[in-house]
Amino acid sequence: DGIAVDDGSRALELLRTRAARLTHRREAVLGAHSLALLKGQPDEALAVTGEFDDGQPGSRSAERIRVLDALYGGGDSAAARTALERLMPGTGSRALTPDDACVSGQWGAWHGETRTARIGQRILRDSPTPVDGASVACSALVEAIAAVERGLPEARRLVERADSIVAVGPPLGDTRAYASLAIARLYVSLGDSERALASVRRRPYLRGWPRYLGSYLREEGRLAAESGDREGAAHAYRQYLSLRNSAAPLLRDEADSVRAELGALGRRWRGDD
């Protein structure tokens, strides 16, 4: 929620120094990565991902997170591209897993790389566990992103389908961390700000580390302001700014922009303009 961020930093330091088991160490690393993104420090978050696969060789979770961070958390695009090359077929000794396909498919869909998106969709569709909620949701999400980016006539129907799956469907796994943010962006592209705002406000809460909370709050504030919900916009902006007191130079301009937007909301409330 952007409350007592310094206390959170100290708590994570203690967790990392006291973690004795591999699962505890991994949880502390995930928390440190999330906190770095929340504070607007993508370089620090990228550095932390180097510890993701410690004790789990071959898991490639670091590569997947680097791609997702670039898509939804202000992460480094060059690092994401390198990570994507390691995930895709032909760059390693094994086939793409559904988890890898979910991430690479989204990258391809958002960037107009049709082949990459289609490979991801095919693997998700042909997954040996077709009832897996994460694969179903991600397949629908990749298909919706690709349709919107390509301007296909069925784009709205596919976005609404993905929206329904995320809202009331089966357990989503890691997809829940960013799915509502992605769908909100798709609704924005379709010109439906009302449904975009509803989606971004359906962000996950108390379900794992909120690594993309900053992106959610930034989008919520903008959409709420556009819809005339000044109180909701101000609340989202304040939460966002409470996280970004020590943002890296790369994201400082964004924080300054949010601060200016919050000030403009205050002036409109007072009737100054």
S.K.: Rounded to the nearest 0.5 Å, what separation is found between the CZ atom of Phe52 and the OG atom of Ser61?
M.R.: 6.5 Å

S.K.: Tell me, please, which residues at least two apart from His235 pass side-chain hydrogen bond (donor to acceptor under 3.5 Å, both in side chains).
M.R.: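 Partners of His235 by the side-chain hydrogen bond (donor to acceptor under 3.5 Å, both in side chains) criterion, ordered by chain and then number, come out as Gln239.
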
S.K.: Please list, chain by chain and in numerical order, all residues satisfying side chain to side chain contact (heavy atoms under 4.5 Å, CB included) with Arg21, sequence neighbours excluded.
M.R.: Thr23, His24

S.K.: Can you list every pair that meets side chain to side chain donor-acceptor pair (under 3.5 Å) and has a residue in residues 170-181, with sequence neighbours left out?
M.R.: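 Only Gln106-Tyr178, Asp174-Arg211 qualify under side chain to side chain donor-acceptor pair (under 3.5 Å).
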
S.K.: Under a 4.5 Å cut-off applied to non-hydrogen side-chain atoms, are Val258 and Arg238 in contact?
M.R.: no

S.K.: Looking at Gly214 and Tyr240, what are the two nearest heavy atoms and their distance?
M.R.: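 Heavy atoms of Gly214 and Tyr240 come nearest at O-CD1, 3.4 Å.
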
S.K.: Sequence neighbours left out, what passes side chain to side chain contact (heavy atoms under 4.5 Å, CB included) with Thr82? Give chain and number order.
M.R.: Arg86

S.K.: Under 3.5 Å, side-chain donor or acceptor atoms of residues 141-162 against the rest of the protein: list the pairs with distances, not counting sequence neighbours.
M.R.:
| residue | atom | partner | partner atom | Å |
| --- | --- | --- | --- | --- |
| Arg156 | NH1 | Asp192 | OD2 | 3.4 |
| Glu160 | OE2 | Arg195 | NH1 | 3.0 |

S.K.: Drop me the distance from Asp69's CG to Leu46's CG, to the nearest 0.5 angstrom.
M.R.: 8.0 Å

S.K.: Residues two or more places apart in sequence or in another chain: which of them pass salt bridge (charged side-chain N to carboxylate O under 4.0 Å, His left out) with Arg81?
M.R.: Glu113

S.K.: Please list, chain by chain and in numerical order, all residues satisfying salt bridge (charged side-chain N to carboxylate O under 4.0 Å, His left out) with Glu13, sequence neighbours excluded.
M.R.: Arg10

S.K.: If you take all heavy atoms of Pro42 and Gly74, which pair is closest and at what distance?
M.R.: CB-O, 3.5 Å

S.K.: Do the charged groups of Arg201 and Glu220 touch, with an N to O distance under 4.0 Å?
M.R.: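 Salt bridge: yes.
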
S.K.: Residues two or more places apart in sequence or in another chain: which of them pass side chain to side chain contact (heavy atoms under 4.5 Å, CB included) with Ala28?
M.R.: Leu15, Arg16

S.K.: Please lay out, stage by stage, how Ser9 and Leu35 fare under the test side-chain contact (heavy atoms from CB on, under 4.5 Å).
M.R.: CA-CA 7 Å; Ser9 299; Leu35 184 64; 3.2 Å; yes

S.K.: Would Glu261 and Ser257 count as having a side-chain donor-acceptor pair, cut-off 3.5 Å?
M.R.: yes

S.K.: Is it true that Val5 and Leu251 fall in one hydrophobic cluster, defined by side-chain heavy atoms closer than 4.5 Å?
M.R.: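 No, it is not one cluster - the side chains of Val5 and Leu251 are not joined through contacts under 4.5 Å.
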
S.K.: Find the distance between CG (Asp163) and OG (Ser199) and round it off to the nearest 0.5 Å.
M.R.: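 Rounded to the nearest 0.5 Å, the CG-OG separation comes out at 5.0 Å.
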
S.K.: Measure across Asp76 and Ala70 and return the closest heavy-atom pair with its distance rounded to 0.1 Å.
M.R.: O-CB, 3.9 Å

S.K.: When you measure from the side chain of Ser139 to the backbone of Val136, do you find a donor-acceptor pair of N or O atoms at a distance under 3.5 Å?
M.R.: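 Side chain of Ser139 to backbone of Val136: no pair is present.
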
S.K.: Which disulfide (SG to SG under 2.5 Å) pairs, counting each pair once, include a residue from residues 136-195, with sequence neighbours left out?
M.R.: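 Every disulfide (SG to SG under 2.5 Å) pair that includes a residue of residues 136-195, provided the two are not neighbours, is Cys102-Cys138.
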
S.K.: Do Arg60 and Asp100 sit within salt-bridge range, that is, some charged N less than 4.0 Å from a carboxylate O?
M.R.: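 Looking at Asp100 together with Arg60, the answer is no, because their closest N to O distance does not fall below 4.0 Å.
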
S.K.: For a quick test of reading the model, state the closest non-hydrogen atom pair linking Trp107 to Leu71 and the distance between them.
M.R.: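 Scanning both residues, the minimum pair turns out to be CE3-CD2, 3.8 Å.
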
S.K.: Without swapping roles, check the side chain of Tyr216 against the backbone of Leu181 for a donor-acceptor pair under 3.5 Å.
M.R.: yes

S.K.: Taking only residues two or more places apart in sequence, or in another chain, which ones meet Arg66 in a salt bridge (charged side-chain N to carboxylate O under 4.0 Å, His left out)?
M.R.: none

S.K.: Please assess Leu217 against Tyr237 for the test side-chain contact (heavy atoms from CB on, under 4.5 Å), listing each intermediate value before the final yes or no.
M.R.: CA-CA 7 Å; Leu217 291 171; Tyr237 283 156; over 6 Å; no

S.K.: Is the closest side-chain heavy-atom distance between Tyr72 and Arg185 below 4.5 Å?
M.R.: yes

S.K.: Are Tyr212 and Leu68 packed together at the side-chain level, in the sense that at least one heavy-atom pair is separated by less than 4.5 angstrom?
M.R.: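 Answer yes - side chains close enough.
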
S.K.: Taking only residues two or more places apart in sequence or in another chain, which ones pass salt bridge (charged side-chain N to carboxylate O under 4.0 Å, His left out) with Glu194?
M.R.: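 So Glu194 forms no salt bridge (charged side-chain N to carboxylate O under 4.0 Å, His left out) with any residue.
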
S.K.: Which pair of non-hydrogen atoms, one from Gly73 and one from Ser215, has the smallest distance, and what is that distance?
M.R.: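 Heavy atoms of Gly73 and Ser215 come nearest at CA-OG, 3.8 Å.
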
S.K.: Any chance you could measure His33, atom NE2, to Leu12, atom CG, to the nearest 0.5 Å?
M.R.: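 Atom-to-atom, His33:NE2 and Leu12:CG are 12.5 Å apart.
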
S.K.: List the steps and the verdict of side-chain contact (heavy atoms from CB on, under 4.5 Å) for Leu22 and Arg25.
M.R.: CA-CA 5 Å; Leu22 177 61; Arg25 291 196 296 272; 3.9 Å; yes

S.K.: Can you check side-chain contact (heavy atoms from CB on, under 4.5 Å) on Leu223 and Val188, steps first, answer last?
M.R.: CA-CA 9 Å; Leu223 290 167; Val188 168; 3.8 Å; yes

S.K.: Under the rule for side chain to side chain contact (heavy atoms under 4.5 Å, CB included), what residues qualify as partners of Ser246, not counting sequence neighbours?
M.R.: Lys39, Gln41

S.K.: Looking only at heavy atoms, what is the nearest atom pair of Leu241 and Ala255, with distance?
M.R.: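 Nearest pair, atom of Leu241 first, then Ala255: CD2-O, 3.5 Å.
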
S.K.: Per the salt bridge (Lys or Arg N to Asp or Glu O under 4.0 Å) rule, which among Arg259, Arg222, Arg244 passes with Glu254?
M.R.: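 Option passing the salt bridge (Lys or Arg N to Asp or Glu O under 4.0 Å) with Glu254: Arg244.
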
S.K.: State the OG1-CD distance between Thr49 and Glu44, to the nearest 0.5 angstrom.
M.R.: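 Nearest 0.5 Å value for the OG1-CD distance: 10.0 Å.
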
S.K.: Report the distance from atom CG of Leu213 to atom OG of Ser34, rounding to the nearest 0.5 Å.
M.R.: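 Answer for the CG-OG pair, Leu213 versus Ser34, is 8.0 Å.
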
